[in-house]
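Take a look at the structure set out below.
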Amino acid sequence: MSHNIRQKLQGIQSSLKAPKGQTNKFGGYKYRSCEDILTALKPLLAEWGCCLVISDDIVEKGSKIYVKAVAILMDNDSTEAHSACGFAREADIKKGMDDAQITGSASSYARKYALNGLFAIDDTKDPDATNTHGKGSSSSAPTTSGF
């Protein structure tokens, strides 16, 4: 039986187990990283005959710089694809990080949220989704509006 991309996506979404295996030492809470999600996804992609491509783009909105990540699930048996995107703002200054590390951190965050959207991973109870790490409203929390 041949499945279309939506059926394959549903199969991957219903099978995906990406536990929060990381611990934030500062906040003492559990979270999952982009790498954790990708590790859990790879066997399911092979099982369902799909591949995943994630790309980043830099977007300027006003005086702020955002990383826009796009996650594309592609069907290996057709030209069908399904995608989702996530945004994360680059921090103006982050102690102990150079510019490349700041962009890399925003990229990882944006990719994580693109994957969350595409694969229906619920992070609403994840403290990482709202934790500002003591920085007020200048966190690099993702946004989905205004673009």
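Predicted model, so just to flag it, every value in this text is computed and none were measured.
Annotation: side chain of Arg89 is not in contact with side chain of Ile65 (no heavy-atom distance under 4.5 Å). Proximity of Leu41 to Phe119: side-chain heavy atoms (C-beta onward) are separated by under 4.5 Å at one or more points.
Side-chain N or O atoms of Thr23 include none that pairs as donor or acceptor with a backbone N or O of Lys25 at under 3.5 Å.
No chain of hydrophobic side-chain contacts below 4.5 Å, direct or via other Ile, Leu, Val, Met, Phe, Trp or Tyr residues, connects Ile102 to Val67. Hydrophobic clustering keeps Leu9 apart from Met74 (ILVMFWY residues linked when any side-chain heavy atoms are closer than 4.5 Å, directly or through intermediates).
Between Asp56 and Arg111, at least one side-chain nitrogen of the basic residue sits less than 4.0 Å from a carboxylate oxygen of the acidic one, meeting the salt-bridge criterion.
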Checklist entry - Is there a side chain to side chain contact (heavy atoms under 4.5 Å, CB included) between Leu38 and Ile54 once you walk through the steps? => result CA-CA 11 Å; Leu38 292 172; Ile54 307 173; 4.0 Å; yes

Checklist entry - Would Ile37 and Lys112 count as a side chain to side chain contact (heavy atoms under 4.5 Å, CB included) if you check the C-alpha gap in whole Å, the side-chain angles of each, and the deciding distance to 0.1 Å? => result CA-CA 8 Å; Ile37 297 168; Lys112 175 182 163 180; 4.1 Å; yes

Next on the checklist: Let's go through Ile5 and Leu73 carefully: what are the C-alpha distance in whole Å and the side-chain angles of both, what is the deciding distance for side chain to side chain contact (heavy atoms under 4.5 Å, CB included) to 0.1 Å, and is it a yes or a no?
Outcome noted: CA-CA 8 Å; Ile5 191 68; Leu73 178 71; 4.0 Å; yes

Item to check | Intermediate values then yes/no, side chain to side chain contact (heavy atoms under 4.5 Å, CB included), Trp48 and His3 | outcome: CA-CA 9 Å; Trp48 284 94; His3 295 91; 4.2 Å; yes

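The shortest heavy-atom contact between Ser78 and Glu80 is OG-N, 3.1 Å. Here the closest heavy-atom approach between residue Ala71 and residue Leu52 is recorded as CB-CD1, 4.3 Å. Between Cys34 and Ser108, the shortest heavy-atom contact is CB-O, 4.0 Å. Pairing each heavy atom of Gly11 with each of Ser15, the nearest pair is O-OG, 3.0 Å. Listed here is the closest heavy atom pair of Asn76 and Cys50: ND2-N, 3.4 Å. Pairing each heavy atom of Ala106 with each of Ala88, the nearest pair is O-CB, 3.4 Å.
Classified by interplanar angle (parallel below 30°, tilted 30° to 60°, perpendicular above 60°), the ring pair Tyr113/Tyr109 is tilted.
More than 12 heavy-atom neighbours from other residues, nucleotides or ligands sit within 6.0 angstrom of CD on Gln22. The environment of Asp98 atom CG is dense: over 12 non-hydrogen atoms of other residues, nucleotides or ligands sit within 6.0 angstrom.
For the atom pair Arg32 CZ and Leu115 CG, the distance stands at 11.0 Å (nearest 0.5 Å). Between the CD atom of Glu47 and the CD1 atom of Ile12 there is a distance of 8.5 Å, given to the nearest 0.5 Å.
Between Asp36 and Thr39, the side chains place no donor N or O within less than 3.5 Å of an acceptor N or O (distance only, hydrogens not considered).
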